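No hydrogens, no waters, no symmetry mates; every other heavy atom, side chains included, goes into these values. Note that ligands are numbered from 1 as they come in the structure, with each ligand's atoms numbered from 1 the same way. Because the structure is a prediction, the values reported are computed rather than measured.
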Amino acid sequence: MAASSVNSFYYENAADSEEAARLFDETKGGVKGLVDSGITTVPKLFRLSPQTASQYGTTRSKSPCPFAVPVIDMKDLESRRAVVVEEIRRAAAELGMFQLVNHGVEESVMEDMMAEARQFHEQPTELKQAYYSRDVTQKARFTSGYGAVRRSSLNWADTLLMTPAPSDAQDHLPIICRDSATIFIGRIRKLGETLSQLLSLALGLTPNTNEFISTNLTTAILNYYPPCPEPEVAIAANPHFDTSTFTILLQDQVGGLQVFHEGAADWVDVPSLHGALVVNVGNMLQLLSNNKMKSAEHKVFANAIVPRQSVACFFMPPIDFSTMSTKMYGPIKELVSEKYPAVYREASFAALWGSLYPDLEGSLRNPVLARLRIAYDKEVV
Ligand SMILES: O=C(O)CCC(=O)C(=O)O
Ligand SMILES: [Fe+2]
């Protein structure tokens, strides 16, 4: 693979870009390929500086955090709707993350998705190669180090990014995981519709009357985090905020996901809960809700022992590449009043996408949203 075919956006300089091209040469098969080749140390592009490693935390802190991620039971939703809405409101406002149980997606559907995602990632490199691409318009693309950003390290992860078709047929997906992904995406879409309504109610809006709380599953990704020879110097997923309105995440039993609790100024474990789905608020919903709901900063530890898997489904307003820079989103008008003036300026999806990572200087926790604050200029002066 020529250096030029690696997206230079990810790398700070030409030397890094070339190193990445060498590391991700199609014949090496991403991060899993590196591990399979027998490496015993983490390559430079994946290494966090000692300062960043201690700032991010690459191993669990010894003292247990007194906060837990809320678990919300959707059983008997019709009769318990008001309770569930209130639980969602509180979790979305305080932490921006919660787990759902009895959500209606069958365990067998989730298990099949995980099993076929694993088959995709663990198939011979030559077979994955056809999907290896940095072209963002590809509707099924395999990539590595996803989410990396200047001055930070690459994620210790391989990812298959899928853009679901609006219909039920997902013919563009790799055959090895197509059947399970088609069913899983269908079920998650349905859950996303229910969740959109519950989030609307939690914001005091009428369900389905609001064009912004979207039920659109725009991207689903199959994450595979191979075992890491030096987990203390690398990170499976750098701390980040999702751009989404909300994200529904299926994680396996390995663990490693953490969310930042602002009140406690500490990272909280998101435990693997059999049969549960994790939901987090993204930047789009924090903007639309005029700060009534909080985008959750999250990260994933690398581990030395076993591969970890997750499937993340991102819900967003319909994204059209042609209007990405022109269509504007801002606080929903029903949520803006004299008492609660608009916190944010309107922004295009491209502006929201920006850099999703905390400033390494640490001055802005969520730089994308911070810079969209109407008061930002006054705040930084
Ligand atoms: O693997 C996980 O648990 C989280 C993945 C994630 O945050 C993402 O894909 O945006
Ligand atoms: Fe995420």
Do K128 and Y131 form a cation-pi contact, if we require the NZ or CZ to be under 6.0 Å from the six-membered ring centre and within 45 degrees of the ring's axis? no
Kindly report the NE2-the Fe ion (ligand 2)-OD1 angle for H240 and D242 respectively, rounded to 10°. 90°
Please identify which atoms of ligand 1 are closer than 4.0 Å to at least one heavy atom of N223. 5 (C), 9 (O)
Using a strict cut-off of 4.0 Å, indicate which atoms of ligand 1 neighbour a heavy atom of Y225. 1 (O), 2 (C), 4 (C), 5 (C)
Considering H240, Q258, Q251, R308 one by one, which has a heavy atom nearer to atom 6 (C) of ligand 1 than any of the others? H240
With Y224 as partner, the option from E122, K32, R118 fulfilling side-chain hydrogen bond (donor to acceptor under 3.5 Å, both in side chains) is E122
Within ligand 1, which atoms have a heavy atom of A312 less than 4.0 Å away? 9 (O)
Under 4.0 Å, heavy atoms only, figure out whether ligand 1 is touched by the backbone of I221, its side chain, both or neither. side chain
With backbone taken as N, CA, C and O and side chain as the heavy atoms from C-beta onward, which portion of L249 lies under 4.0 Å from ligand 1: side chain, backbone, both, or neither? side chain
Electrostatic pair E193-R189, nearest N-O below 4.0 angstrom: no
Any side-chain donor paired with an acceptor under 3.5 Å for S244 and T247? yes
Does one side chain, of S180 or E116, offer a donor that lies under 3.5 Å from an acceptor on the other? yes
I'd like to check which ligand 1 atoms, numbered from 1 as shown, lie under 4.0 Å from a non-hydrogen atom of D242. 10 (O)
Tell me the contacting part of F314 for ligand 1: side chain, backbone, both, or neither, using a 4.0 Å heavy-atom threshold, strictly below. side chain
Can you list the atoms of ligand 1 that are under 4.0 Å from a heavy atom of V300? 1 (O), 2 (C), 3 (O), 4 (C)
Is the positively charged end of R365 above the ring of F260, judged by distance under 6.0 angstrom from the centroid and angle within 45° of the axis? yes
Looking only at side chains, do Q309 and D252 share a donor and an acceptor under 3.5 Å apart? no
